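Bear in mind that the values here come from a model prediction, so they are computed numbers and not experimental data. We're numbering straight along the sequence, starting at 1. Both ligands and their constituent atoms are indexed starting at 1 by order of listing.
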Amino acid sequence: MAAKTPIYMDNAATTRCDPRVVEAMLPYFTEMYGNSSSRNHAFGWKAEEAVDLAREQAAALIGANAKEIIWTSGATESNNLAIKGAAHMYAKAPEGQPNRGHIITAVHEHKAVLDPCKRLQREGFDVTFLEPKADGVITAEMVKAAMRPDTILVSIMWANNEIGTINEVPEIGRLCHEREVVFHTDATQWVGKMPTDVERDHIDLLSWSGHKIYGPKGVGALFVRRRKPRVRLEAILDGGGHERGMRSGTLNVTGIVGFGKACELCKAEMDRDGERLLRLRRRLETELAKRIEVTQVNGHADRRLPHICNISFGFVEGESLLMGIKDIACSSGSACTSASLEPSYVLKSLGVGDELAHSSLRLSLGRWTTDEEVEHAVEKITKAVLHLRTMSPLYDLHKEGIDISKIQWQTH
Ligand code: PMP
């Protein structure tokens, strides 16, 4: 059966909300619409009950206690609260003074980690941005080598959103606990797809988001460890003192109900989904490599999430490639800044050249991706790449056996 177009292969950007999640949310819009902080009537109690259940569901997915879950508006907010909140709480010196403390993160983290770290740098914290090797993995050895007596916080994502590579998070967690350094992980792409246990893996703070796990947008969670050690955060939002004073504001009850349901479904279906996605991704990668020469899968060959494939095609121009595969919804290796197309900073950090970065696609599969869709994507991409190469003089040279990288180009 032919795939229905357009086909969706951008699940790392966001996922379709599972209809079972929507169904769970609906009554909380029009029937049980109370404020979960209203303690003196049934509408409030019902809402609070629903929020408590969602807290249990979220905690169960990551091996935490329900009391350790703080609701937020998404992973961006969770990351900001974790990083700024911990830095301010554990600062070695007050604001305005030098040497406030040292933070370790990596250059290819999501902007929702990098930008809070850069702000802290301007406030007087010292930040080390680790650089990965070509496989994109951040190892515990790299973190260990960067540790200093004044290190107060390490923030390393569990899996990368552009290339899907998996960092050595349990090992980094153990190292941080040995050194009594707070450890935060942005697990937005990991949780719900892979088994997670914050106890076993020594995590102090963990961020994730509803819309990457087949839940609604605009709701997220932050795990904040309560014992061994008890981690404290300075709040960003001040107000009614919700969420143990860490995040004031009336709770997004419908969103939280959806988040909880999405967590429950992921926990129940993760193994089956994971196996299927890995099979589909392998099929996609092997078929593309078989039909198109000079392709390169970016990131570590095996230490990768099952559903993310980032692949570069030599001798094609990135924008033209995207035009040729318009009915496949996916992301490219170029980021649109205000006026120009910038090659992805994640790919650049692995040493991928600008040309190859521009001609990269991130194809991310999800719960509803089918074999037919994978076949369609392979056909379409192959056709587009081969067509563009018929117009590439460089590809002609390559076919003649000339090593393009050794050509001395003349500039006038
Ligand atoms: N971190 C990672 C790794 C992500 O992939 C994303 C979403 N692109 C975010 C953080 C931000 O999440 P949200 O959209 O929930 O703010």
Side-chain angles (χ1 to χ4, degrees), residues 8-17 21 58 61-62 69-85 105-119 129-130 132 136-138 155-167 169 172 184-194 196 203 205-223 236-237 247 249 252 255-256 258-260 262-263 266 298-299 303-310 329-336 344-347 349 362-366:
Y8 192 70
M9 289 206 174
D10 209 8
N11 286 275
T14 196
T15 54
R16 173 186 177 205
C17 201
V21 167
L61 183 61
I62 62 164
I69 303 297
I70 303 291
W71 299 118
T72 66
S73 60
T76 300
E77 187 187 337
S78 298
N79 286 343
N80 271 268
L81 177 56
I83 294 168
K84 292 176 188 164
T105 186
V107 289
H108 59 336
E109 290 278 325
H110 194 273
K111 294 277 185 194
V113 164
L114 293 177
D115 288 355
C117 285
K118 286 179 189 161
R119 186 176 294 276
F129 295 91
L130 297 173
V137 178
I138 296 295
S155 180
I156 297 293
M157 71 201 321
W158 210 316
N160 186 279
N161 48 300
E162 283 192 34
I163 49 177
T165 46
I166 299 167
N167 294 322
V169 163
I172 297 170
H184 165 249
T185 186
D186 174 354
T188 308
Q189 298 289 347
W190 170 273
V191 166
K193 317 281 163 48
M194 303 292 275
T196 309
I203 316 288
L205 299 161
L206 177 145
S207 311
W208 83 108
S209 185
H211 71 105
K212 311 279 184 181
I213 57 168
Y214 314 102
K217 296 173 182 53
V219 57
L222 177 66
F223 157 77
I236 294 176
L237 296 183
R247 204 277 191 174
N252 169 9
I256 289 167
F259 188 102
C263 288
C266 283
N298 298 307
R303 278 190 76 94
R304 252 179 326 132
L305 289 172
H307 64 296
I308 299 182
C309 159
N310 190 309
C330 66
S331 289
S332 82
S334 311
C336 281
S344 139
Y345 68 92
V346 172
L347 294 179
S349 77
R362 180 189 67 180
L363 302 156
S364 48
L365 316 181

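Side-chain contact between Gln189 and His110 is absent, with no heavy-atom pair separated by less than 4.5 Å. In this structure the side chain of Glu109 reaches within 4.5 angstrom of the side chain of Ile156, judged on heavy atoms.
The closest protein non-hydrogen atom to atom 8 (N) of ligand 1 is Lys212 NZ, 2.7 Å. Counting protein heavy atoms only, atom 15 (O) of ligand 1 is closest to Ser209 OG, 2.6 Å. Closest protein heavy atom to atom 12 (O) of ligand 1: Ala75 CB, 3.3 Å. The shortest contact between atom 6 (C) of ligand 1 and any protein heavy atom is with His110 NE2, 3.4 Å. Counting only heavy atoms of the protein, atom 1 (N) of ligand 1 lies nearest to Asp186 OD2, 2.6 Å. Nearest non-hydrogen protein atom to atom 5 (O) of ligand 1 is Gln189 NE2, 2.8 Å.
Under a 3.5 Å cut-off, the side chain of Ser207 and the backbone N or O of Asp186 do not form any donor-acceptor pair. Remark: the backbone N or O of Gly136 is paired with a side-chain donor or acceptor of His108 at under 3.5 angstrom. Side-chain N or O atoms of Thr165 include none that pairs as donor or acceptor with a backbone N or O of Asn160 at under 3.5 Å.
Under the 3.5 Å distance criterion, with hydrogens and angles disregarded, a donor-acceptor pair is assigned to the side chains of Ser78 and Thr72.
In terms of the side chain to side chain contact (heavy atoms under 4.5 Å, CB included) criterion, residue partners of Pro116 (sequence neighbours excluded) are, by chain and number, Asn80, Ile83, Lys84. Applying the ring-ring contact (aromatic ring centres under 6.0 Å, His included) criterion to Phe223, with sequence neighbours excluded, gives no partner residue.
Atom numbering of ligand 1 starts at 1 in the shown order; those under 4.0 Å from a heavy atom of Thr76 are 11 (C), 12 (O), 13 (P), 16 (O). When each atom of ligand 1 is checked for a heavy atom of Met157 under 4.0 Å away, the hits are 3 (C). Set against the non-hydrogen atoms of Gly74, the atoms of ligand 1 under 4.0 Å away are 15 (O).
Residue-level proximity to ligand 1 for Thr188 is carried by the side chain, the only part with a heavy atom below 4.0 angstrom. With a 4.0 Å cut-off on non-hydrogen atoms, His211 touches ligand 1 through its side chain and not its backbone.
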